[in-house]
Structures are given as structure tokens and as C-alpha cells.
Trainee: 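Could you have a look at this structure, given as C-alpha cells, before my questions?
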Number of protein chains: 2
Amino acid sequence: MKAKIVHRMATAPEDTRDKLLKAAIQVFSEHGYERATVREISRVAGTNIALVKYHFGDKLELFREVVRYASDADAKLAVLTQARKENADPCEALRQIIRGALERLTARREQTGLQLRLMLKEIANPSNAWIVEIESALRPTYDQFRVVVGQILGLPMGDTKTRLCTHSIIGQVAHYVHARPILSRLWPEMQMSPAQIEMIANHIADFSLAYLQAERAKIPARSAKKVQKKSPRKRT
Amino acid sequence: MKAKIVHRMATAPEDTRDKLLKAAIQVFSEHGYERATVREISRVAGTNIALVKYHFGDKLELFREVVRYASDADAKLAVLTQARKENADPCEALRQIIRGALERLTARREQTGLQLRLMLKEIANPSNAWIVEIESALRPTYDQFRVVVGQILGLPMGDTKTRLCTHSIIGQVAHYVHARPILSRLWPEMQMSPAQIEMIANHIADFSLAYLQAERAKIPARSAKKVQKKSPRKRT
DNA sequence: TAAGACGTTAAACGCATGTTTAAGTTAAGT
DNA sequence: ACTTAACTTAAACATGCGTTTAACGTCTTA
């Protein structure tokens with residue numbers, strides 16, 4: 001009837017779903033699941049609110065889809081594998097992984113790292129509803145990281161010490177992301193500039209490698225042999 | 001008119017404020033500021049909802065009061081000072097501090113540690129509204145902790161390396177609290193039992209001391225002089 | 001062209017939240 | 001006894017949320 005409503009069908013139908021998905025990644029990673037609202041997601045996507053229900057059912061399904069979508073085309077695993085391929089020395093690979101993760105996690109406006117930031121945000125505020133999706137999205141990265149740490153230690157990835165060290169490293173990196181706001185108050189000189197990010201990354205690498213390499217040296221059978229991954233036979 | 005409403009004035013007037021405060025500590029530290037509701041706080045306290053407004057003004061002022069109240073009568077600083085007094089060796093003090101913090105932070109039903117848990121929960125989800133209170137509540141612990149780390153390193157508490165190492169340790173401890181739910185899925189054997197808590201604490205101490213002691217040894221001028229605070233000299 | 005599926009829209013619904021109100025009860029002061 | 005202030009109560013209010021509705025436009029198909 002009234003022609004004042006302008007409809008634009010110029011975009012393909014599937015575009016709306018994608019726009020919502022990308023907007024959801026941004027909003028979810030910025031505010032977390034609870035604080036994020038479907039209204040803001042719709043606003044960022046430039047679509048109607050009801051389309052969340054139409055395309056995804058409800059907010060929770062949209063979030064689940066975001067987690068799957070994010071972990072699919074993600075660079076998380078790529079960073080890890082790339083770092084491992086580029087560096088024969090697992091210590092250097094570790095250093096590169098730490099720097100890459102820290103850069104992505106602290107990058108504000110970048111699309112890169114949104115997925116990791118999203119995970120980190122939700123890890124602290126878990127819910128039984130989506131913890132399964134979070135786990136399956138995190139699992140590959142966690143396992144690959146354990147392999148790298150295990151290589152340095154000369155221990156299998158399932159070893160308790162390997163896991164403890166892995167979490168020690170993850171915890172250090174995550175801390176600078178979690179505590180960033182209060183950190184800038186307790187330590188005003190720390191502005192998280194690119195140069196400072198690199199300094200932090202190198203510190204975390206040095207800090208961690210001090211223990212890792214010392215422990216490797218303690219294991220006589222592996223100290224000079226099984227550091228590398230590509231050697232034919234693995235353990236003890 | 002109708003006498004079916006039973007009023008109990010048995011409790012002193014100030015008791016209600018205290019009950020609300022204690023209930024608020026519990027609820028806030030369990031769910032965080034946003035998820036916590038004044039209805040649940042009132043229910044836990046056994047008081048009326050409107051009393052939050054009467055005694056504190058609104059939810060935010062109640063939270064601010066909780067942070068101040070928690071940091072006042074808190075054992076956070078006591079643990080630090082006690083650990084430092086009991087141990088002439090700052091390395092042992094560090095180990096004790098780590099274990100104490102981890103035990104408090106993971107204790108579920110204890111009143112002890114609620115304050116620290118509250119801080120940790122809010123650090124990840126900051127807001128300009130209460131970041132000032134959080135900072136002043138955290139500052140003493142942060143500074144004292146830096147002193148201990150600085151003693152081990154043989155560096156002043158303001159040194160960049162001291163700060164980086166302090167955050168490396170804090171990050172490791174905080175990680176096991178933040179990531180606890182997803183951790184139990186990625187590492188099912190980790191149930192956070194008291195024995196495992198102690199194992200983790202010792203690992204974090206060993207992991208951190210490997211770097212701290214190696215760095216102390218690198219500083220020639222202080223490696224044999226300024227390590228200790230009380231005893232005149234200390235070993236490399 | 002007619003019909004139906006698909007996509008979109010504005011508006012409203014139901015609910016939980018923080019907040020406020022107006023009345024009520026108790027204790028102390030005079 | 002009367003007044004006043006402090007404290008408490010049940011109920012309502014205003015808001016923002018996720019969700020739903022009913023109508024409408026657009027495209028495909030027969």
C-alpha cells in the first residue's frame with residue numbers, strides 16, 4: 001500500500017545470514033554472550049531483529065553457529081601449524097606461537113583474533129549450554145600446543161608435566177588479555193603498544209623456556225635426541 | 001489492619017546492612033556483578049528487596065561498598081605478609097603465597113577467598129564505574145607481591161622485569177580459576193582435588209622460580225648482596 | 001498470470017531486572 | 001500519650017531483553 005518503505009533485494013538471500021554471523025562474531029567477542037544483545041547484532045548487521053529467529057532460531061543457536069563458524073575458517077590452528085613448519089626448533093616455534101597469539105588477542109579492530117578473543121571471554125563465564133561447542137573449538141589448538149611443549153620437554157603430550165607447563169604458558173598469555181583494563185591502571189606505563197606486546201611475548205617465551213629447557217636437560221635419555229618431531233620413533 | 005504480617009525487630013538495625021553486605025559478597029563473587037541480582041542478594045540475606053535502596057542507594061553502590069568492605073577485613077594482604085614473615089627465603093615465601101592464593105581461589109564453600117574471587121571475576125569484565133574501587137583493593141597485594149618477586153630477582157619492585165615476572169605468576173594462578181570449567185573438559189583427570197591443587201601450586205612455583213633464580217644469577221652486583229631482605233647475605 | 005515459497009519488516013508480547021512507592025511497624029524522645 | 005525518626009514491607013513501576021506475530025514484498029515456478 002504505502003510506498004514509503006524502500007525494500008532492497010539487491011543482496012543475495014544468503015548474505016543476510018552471513019552478515020548476521022559476522023556481526024555476531026564481533027559483538028559476541030566484544031561483550032560476551034550474556035551482555036551481547038540480538039538488537040545490537042542486528043543493528044551492526046543492518047538487518048531486522050526477527051531475522052535472528054528466522055535464520056538461526058534463537059540467540060543461543062546463533063552463538064553456537066558463531067563458535068562453529070569461527071573455529072572452521074579460523075587461523076588459530078594455522079598459526080600453530082605454520083609456526084611449527086617454519087621452525088625446526090620447537091623453542092622458536094613456541095616463541096612465535098606466543099607472539100602470534102598475543103598480537104591477535106590484543107588487536108582491537110582486527111577481524112583476526114576475534115574468534116580467540118571470543119573463546120577467552122566465554123571460558124571465564126561458562127555455561128553448560130555451549131561448553132560443548134567451546135571445547136570442540138578449542139581442542140585442536142590445545143592438543144597441538146601440548147605437542148609443541150612436549151617436544152621441548154621431551155615428554156609425551158599426555159604427560160602431566162606437559163599439561164601443567166602448557167597451562168602455565170596459556171595462563172600467562174590469557175592474563176594480559178583478561179586483566180588488560182586493570183593492568184593499565186596498576187602499571188600505567190604499559191600501554192600495550194606493538195613494541196610492548198613484542199616485549200611481553202618475548203618475556204613469556206623466556207620465562208617459560210627457562211623451566212622447559214631445564215626440565216628437558218634433566219631427562220637423560222631425551223636431552224639430546226627426541227627434541228625434534230620428525231624423528232622416526234618417538235618415546236623413551 | 002490485618003495482623004497476619006509478622007514483623008521481627010529482634011535483630012539490631014545495623015544487622016540488616018551487614019547481612020546484605022555478606023550476602024552480596026557471596027552472590028557477587030559467585031555470579032559477577034552483572035549476573036547477580038538484587039533479588040537473590042535479598043533472598044540470601046533474608047531481607048526485603050527495597051532495603052538495598054534504603055541502605056545503599058542502588059545496586060552499584062552496594063557493589064562498591066562490597067569491594068571496600070572485602071578489601072578492608074581481608075586476609076589477602078595478611079597471607080602475603082605472613083608468608084614473608086614466616087619465610088626468610090623469599091623463594092619459599094613465593095611458594096607459600098602461590099599455594100595459599102590457589103587454595104583460597106578454588107575453595108568453593110569457604111568465606112575465605114570470596115573477596116579474591118570477586119576481584120578476579122570483575123577484572124575480566126571491567127567497567128569504568130567500579131574500576132577505581134577494584135584498583136585500590138588490588139593495589140596493596142600487587143605491590144607486596146612485586147616486592148617478593150623483586151627480592152628473588154635482585155631487582156627493585158618498579159623494574160620492568162619484576163613487573164613482567166609478577167604478571168607471569170599471577171597469570172598462571174588466575175588461569176586455573178578462570179578456565180576451571182573448560183579445563184575439566186580438556187583435562188578430565190584434573191578434578192582440582194586438594195592434592196592436585198597442591199601439585200599445581202608447586203608446579204607454578206617451580207616453573208616460575210626456574211626463570212627467577214636464573215635471572216638473579218645473571219646480575220653480578222646483586223646476586224650475592226641484595227637478594228635477602230633481612231639476612232645480610234644469601235646464596236646465588 | 002496465479003500461486004506459493006522465501007525473505008523481510010514494524011510492532012507487539014512476555015518476562016526478568018533494577019528501582020520506586022506508599023503504607024506499615026517498631027523504638028526512642030518529649 | 002503523642003510525635004518523630006528509623007526501619008521494613010508488599011506491590012507496583014519503568015526498562016531492556018529475547019522472542020513472536022502478522023502483514024508485506026520479492027522471486028520462482030507452473
Side-chain angles (χ1 to χ4, degrees), chain A residues 1-24 27-28 30-67 122 125 127-130, chain B residues 1-24 27-28 30-67 122 125 127-130:
Chain A
M1 299 298 185
K2 301 177 182 179
K4 61 180 174 183
I5 301 173
V6 180
H7 290 270
R8 24 188 110 73
M9 214 47 169
T11 62
E14 272 301 301
D15 271 10
T16 300
R17 204 186 129 96
D18 259 29
K19 282 195 292 185
L20 273 173
L21 221 39
K22 284 171 182 169
V27 177
F28 277 138
E30 189 168 353
H31 302 106
Y33 178 81
E34 304 261 350
R35 293 199 195 186
T37 69
V38 295
R39 279 176 172 80
E40 184 179 1
I41 293 174
S42 303
R43 189 178 51 74
V44 171
T47 64
N48 191 276
I49 318 171
L51 293 182
V52 170
K53 174 197 170 69
Y54 182 82
H55 285 288
F56 300 95
D58 57 3
K59 183 187 179 185
L60 181 57
E61 268 316 310
L62 169 59
F63 180 79
R64 288 213 181 100
E65 196 62 31
V66 161
V67 175
E122 296 308 320
N125 292 21
S127 162
N128 295 330
W130 60 76
Chain B
M1 300 298 187
K2 301 177 181 179
K4 61 179 173 182
I5 302 173
V6 180
H7 291 271
R8 24 189 107 72
M9 211 50 166
T11 62
E14 272 301 300
D15 271 9
T16 300
R17 204 185 128 98
D18 259 28
K19 281 195 293 185
L20 273 174
L21 222 41
K22 284 171 184 169
V27 176
F28 277 137
E30 190 168 353
H31 302 106
Y33 178 81
E34 304 262 351
R35 293 198 195 186
T37 69
V38 295
R39 279 174 172 81
E40 183 178 2
I41 293 174
S42 304
R43 189 178 52 75
V44 171
T47 64
N48 190 277
I49 318 172
L51 293 182
V52 169
K53 174 196 170 70
Y54 181 81
H55 286 287
F56 300 96
D58 57 3
K59 182 187 179 184
L60 181 56
E61 268 316 309
L62 169 58
F63 181 79
R64 287 212 183 101
E65 197 63 30
V66 161
V67 174
E122 296 308 319
N125 293 19
S127 164
N128 294 331
W130 59 76

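Just the heavy atoms: all of them, side chains too, but no hydrogens, waters or symmetry mates, feed the values below. Here the structure is a predicted model, which means the values were calculated and not measured.
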Trainee: Both A:Asn48 and B:Asn48 contact DNA chain C. Which one's nearest nucleotide lies toward the 5' end?
Mentor: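 Upstream on the strand: A:Asn48.
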Trainee: What are the two closest heavy atoms between A:Ile41 and A:Ala23, and how far apart are they?
Mentor: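 A:Ile41 and A:Ala23 have their closest heavy atoms at O-CB, 3.6 Å.
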Trainee: A:Ile49 CD1 to C:dA10 P: how many Å, rounded?
Mentor: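 So the CD1-P distance, A:Ile49 to C:dA10, works out to 9 Å.
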Trainee: Under 4.0 Å from OP1 or OP2 of C:dT8: is there any side-chain N or O of A:Thr16 that close?
Mentor: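 Answer is yes, contact under 4.0 Å.
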Trainee: Does A:Lys53 make a side-chain N or O approach to OP1 or OP2 of D:dT19 shorter than 4.0 Å?
Mentor: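 Answer no for this pair, as no side-chain N or O of A:Lys53 is under 4.0 Å from OP1 or OP2.
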Trainee: Given atom CZ of A:Phe63 and atom P of D:dT19, what is their separation to the nearest angstrom?
Mentor: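 In whole Å, D:dT19 P and A:Phe63 CZ are 14 Å from each other.
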Trainee: Donor-acceptor check, side chain of A:Lys59 to backbone of A:Tyr33, threshold 3.5 angstrom: yes or no?
Mentor: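 Yes, A:Lys59 side chain to A:Tyr33 backbone: donor-acceptor pair under 3.5 Å.
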Trainee: Find the distance A:Ile41:CD1 to D:dT19:P and express it as a whole number of Å.
Mentor: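 From A:Ile41 CD1 to D:dT19 P: 11 Å.
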Trainee: Grab the CG-P distance between B:Asp58 and D:dT15 for me, whole Å please.
Mentor: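 Checked: the CG to P distance equals 16 Å.
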Trainee: Nearest heavy-atom pair of A:Arg35 and A:His31: which atoms, and what distance?
Mentor: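 In terms of heavy atoms, the two residues are closest at CB-O, 3.3 Å.
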Trainee: Hey, which of these two, B:Glu34 or A:Gly46, hits DNA chain C nearer its 5' end, going by closest nucleotide?
Mentor: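 First, find each residue's nearest nucleotide; the 5'-ward one identifies A:Gly46.
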Trainee: From OH of A:Tyr54 over to P of D:dA23, roughly how many Å is that when rounded to an integer?
Mentor: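 Nearest whole value for this atom pair: 18 Å.
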Trainee: For B:Arg43, check side-chain contact (heavy atoms from CB on, under 4.5 Å) against everything at least two apart and list the hits.
Mentor: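 Expected list: B:Glu40.
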Trainee: Over how many whole Å does the gap from A:Leu51 atom CG to D:dT19 atom C1' extend?
Mentor: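 It works out to 13 Å between those atoms.
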Trainee: Could you check how far CD of A:Glu40 sits from P of D:dC17, rounded to whole Å?
Mentor: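 Whole-Å distance recorded here is 9 Å.
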Trainee: Just N and O in the side chain of B:Thr47: are any of them under 4.0 Å from OP1 or OP2 of D:dT8?
Mentor: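 For B:Thr47, the contact criterion (side-chain N or O under 4.0 Å from OP1 or OP2 of D:dT8) is not met.
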Trainee: Would you mind reading off the distance between B:Leu62 atom CG and C:dT19 atom C1', rounded to a whole angstrom?
Mentor: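 Checked: the CG to C1' distance equals 14 Å.
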Trainee: Does D:dT8 have its OP1 or OP2 closer than 4.0 Å to a side-chain nitrogen or oxygen of B:His55?
Mentor: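 For B:His55, the contact criterion (side-chain N or O under 4.0 Å from OP1 or OP2 of D:dT8) is met.
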Trainee: Does C:dG18 have OP1 or OP2 sitting under 4.0 Å from an N or O in the side chain of B:Lys59?
Mentor: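 It does, given that an N or O in the side chain of B:Lys59 lies less than 4.0 Å from OP1 or OP2 of C:dG18.
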Trainee: Taking all heavy atoms of B:Asn48 and all of B:Ser42, pick out the closest pair and write down the distance.
Mentor: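 Nearest heavy atoms, B:Asn48 then B:Ser42: O-OG, 3.7 Å.
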Trainee: Is any N or O donor-acceptor pair between the side chain of A:Arg39 and the base of D:dG16 shorter than 3.5 Å?
Mentor: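 Checked by distance alone, the answer is no.
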